[in-house]
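In this chain, numbering begins with 1 at the start of the sequence shown. No experiment lies behind these values; they were computed from the predicted model shown. Values reported hereafter were calculated over all heavy atoms of this structure, with side chains retained and with hydrogens, waters and symmetry mates removed.
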Amino acid sequence: MLWALPRLWPTIDLPGIANRSRTYWTVDLDALPAVEPNLDGRLGWLLDTPAHRPSLERGPDDPTERDAEPAGLRALQPPAGLPSAFHRFIDDPQLRRHIRSATACYLDLGHFRVGVKGGGTLIHFLSDQQWVLHWLLYVGPTGEEAVVASPEPLGFDDGETEHVLELDPDSWHGSLAVCGDSFEQFLYHFWAMNELFFRLAVDSTSVDGLPDDLRAYARAYPRTPSREDLFADDD
């Protein structure tokens with residue numbers, strides 16, 4: 001099980017809110033602002049936001065190993081099934097057009113799923129273009145879910161190094177962290193963080209000029225780095 005892992009959110013630079021000269025660093029997951037929309041697995045809140053280009057929609061330069069599409073997902077589906085929000089996000093290409101990424105993240109289901117000692121499965125679904133960070137969906141033996149982040153490319157076989165088919169979370173404490181208690185919760189925080197980046201850093205919008213939901217989110221966003229950090233060795 002994953003519950004002994006640290007609970008950390010990998011943040012990016014948000015002007016005037018979270019500033020640090022690194023690609024990512026971590027804040028405490030439980031310090032993130034509250035999720036305002038109703039998370040019912042249907043992702044209606046996401047479809048109510050503007051679509052963008054570029055976005056998480058497949059781009060010509062994305063080095064994807066397994067496309068995030070229903071056929072690819074069927075090959076990886078664990079015995080306990082998958083959360084409805086994750087299924088919907090993969091099944092409906094329109095949804096990914098509403099999420100953009102400051103670090104050129106792209107969807108990729110990887111080569112294989114990874115077992116978890118004590119029960120459960122990890123399925124890779126997101127990487128940034130530089131492979132600094134990877135995100136994976138955890139599905140427990142009775143259907144419980146979470147999202148984890150790691151600097152390690154779990155779920156991939158590069159043909160050179162020995163790949164991990166099953167991991168013991170206790171031995172991954174320094175390079176694996178829970179970053180969402182559900183896929184939909186993770187997706188909301190990921191959407192909000194990246195929307196803040198583009199509006200503040202690219203569009204030069206002030207915090208006071210943000211829409212009500214993002215303004216409240218920005219004001220509540222944690223300013224203090226976590227004590228533990230997935231990227232401590234990068235300093």
Side-chain angles (χ1 to χ4, degrees), residues 1-10 23-24 26 29 56-59 61-83 85-91 93 95-96 99 101 103-141 143-187 190 230-231:
M1 299 297 184
L2 302 180
W3 315 130
L5 289 173
R7 294 172 57 80
L8 304 173
W9 178 260
T23 305
Y24 304 101
T26 55
L29 175 64
L56 290 188
E57 184 176 26
R58 175 78 186 272
D61 298 325
D62 292 342
T64 306
E65 295 294 326
R66 189 192 296 267
D67 286 340
E69 59 184 15
L73 191 57
R74 282 195 295 272
L76 298 170
Q77 182 160 309
L82 290 163
F86 188 76
H87 243 312
R88 180 158 172 70
F89 189 72
I90 300 301
D91 288 348
L95 287 161
R96 63 196 67 179
I99 300 181
S101 168
T103 51
C105 289
Y106 63 98
L107 298 171
D108 190 338
L109 296 179
H111 293 140
F112 54 88
R113 66 191 192 208
V114 177
V116 177
K117 184 178 179 181
T121 301
L122 292 171
I123 297 175
H124 184 280
F125 67 89
L126 187 71
S127 294
D128 67 53
Q129 205 166 62
Q130 300 301 315
W131 267 38
V132 175
L133 189 61
H134 305 269
W135 291 265
L136 300 97
L137 173 72
Y138 168 75
V139 181
E144 61 267 42
E145 63 178 295
V147 173
V148 300
S150 177
E152 302 300 323
L154 294 166
F156 289 91
D157 180 4
D158 63 7
E160 298 178 2
T161 57
E162 183 177 354
H163 51 273
V164 178
L165 293 176
E166 182 180 77
L167 62 81
D168 180 351
D170 290 341
S171 65
W172 281 72
H173 193 276
S175 54
L176 192 68
V178 174
C179 62
D181 291 319
S182 71
F183 174 75
E184 191 169 12
Q185 182 198 76
F186 163 82
L187 200 64
F190 188 82
L230 287 176
F231 310 100

Ring centres under 6.0 Å, that's the criterion: do F186 and W9 meet it? yes

Taking the six-membered ring where the residue is Trp, are the ring centres of F125 and F89 under 6.0 Å apart? no

Check [X] against [Y] and note the closest heavy-atom contact, atom names and distance.
| X | Y | result |
| --- | --- | --- |
| P79 | R113 | CD-NH2, 4.0 Å |
| P10 | L133 | CB-CD2, 3.5 Å |
| T121 | P78 | OG1-CB, 3.7 Å |
| G119 | P141 | C-CD, 3.8 Å |
| A149 | L230 | O-CD1, 3.8 Å |

First locate atom [atom1] of [X], then atom [atom2] of [Y], and finally report the distance between them rounded to the nearest 0.5 Å.
| X | Y | atom1 | atom2 | answer |
| --- | --- | --- | --- | --- |
| S127 | L136 | OG | CG | 8.0 Å |
| R66 | L109 | CZ | CG | 7.0 Å |
| Y106 | T64 | OH | OG1 | 6.0 Å |
| I123 | Q77 | CD1 | CD | 7.5 Å |
| L95 | R88 | CG | CZ | 5.5 Å |
| E166 | L122 | CD | CG | 10.5 Å |

Might you work through the side chain to side chain contact (heavy atoms under 4.5 Å, CB included) test for F86 and V139, ending with a clear yes or no? CA-CA 11 Å; F86 188 76; V139 181; over 6 Å; no

Has R96 got a side-chain atom pairing as donor or acceptor with L56's backbone, closer than 3.5 angstrom? no

Tell me whether S101 contacts the main-chain N or O of T103 through its side chain, where contact means a donor paired with an acceptor under 3.5 Å. yes

Report yes if the side chains of Q130 and T23 come closer than 4.5 Å at any heavy-atom pair, otherwise no. no

Evaluate the side-chain proximity of D108 to L126: yes if any heavy-atom separation is below 4.5 Å, no if none is. no

R7: salt bridge (charged side-chain N to carboxylate O under 4.0 Å, His left out) partners, not counting sequence neighbours: D30, D181

ring-ring contact (aromatic ring centres under 6.0 Å, His included): pairs with one or both residues in residues 144-166, sequence neighbours excluded: H111-F156, F112-H163, H124-F156, W131-F156

Go through the steps for E152 and V164 under the test side chain to side chain contact (heavy atoms under 4.5 Å, CB included), then give the verdict. CA-CA 10 Å; E152 302 300 323; V164 178; over 6 Å; no

Using atom types as modelled, flag every donor-acceptor pair under 3.5 Å from a side chain in residues 67-75 to any protein atom, sequence neighbours excluded.
{"unit_1": "D67", "atom_1": "OD1", "unit_2": "R58", "atom_2": "NH1", "d": "2.5"}
{"unit_1": "D67", "atom_1": "OD2", "unit_2": "R58", "atom_2": "NH1", "d": "3.4"}

Walk me through it: do L176 and L154 pass the test side chain to side chain contact (heavy atoms under 4.5 Å, CB included)? CA-CA 10 Å; L176 192 68; L154 294 166; 4.1 Å; yes

Checking L137 against L82 for the side chain to side chain contact (heavy atoms under 4.5 Å, CB included) test, could you report, in this order, the C-alpha distance in whole Å, the side-chain angles of both residues, the deciding distance, and whether it holds? CA-CA 9 Å; L137 173 72; L82 290 163; 3.8 Å; yes

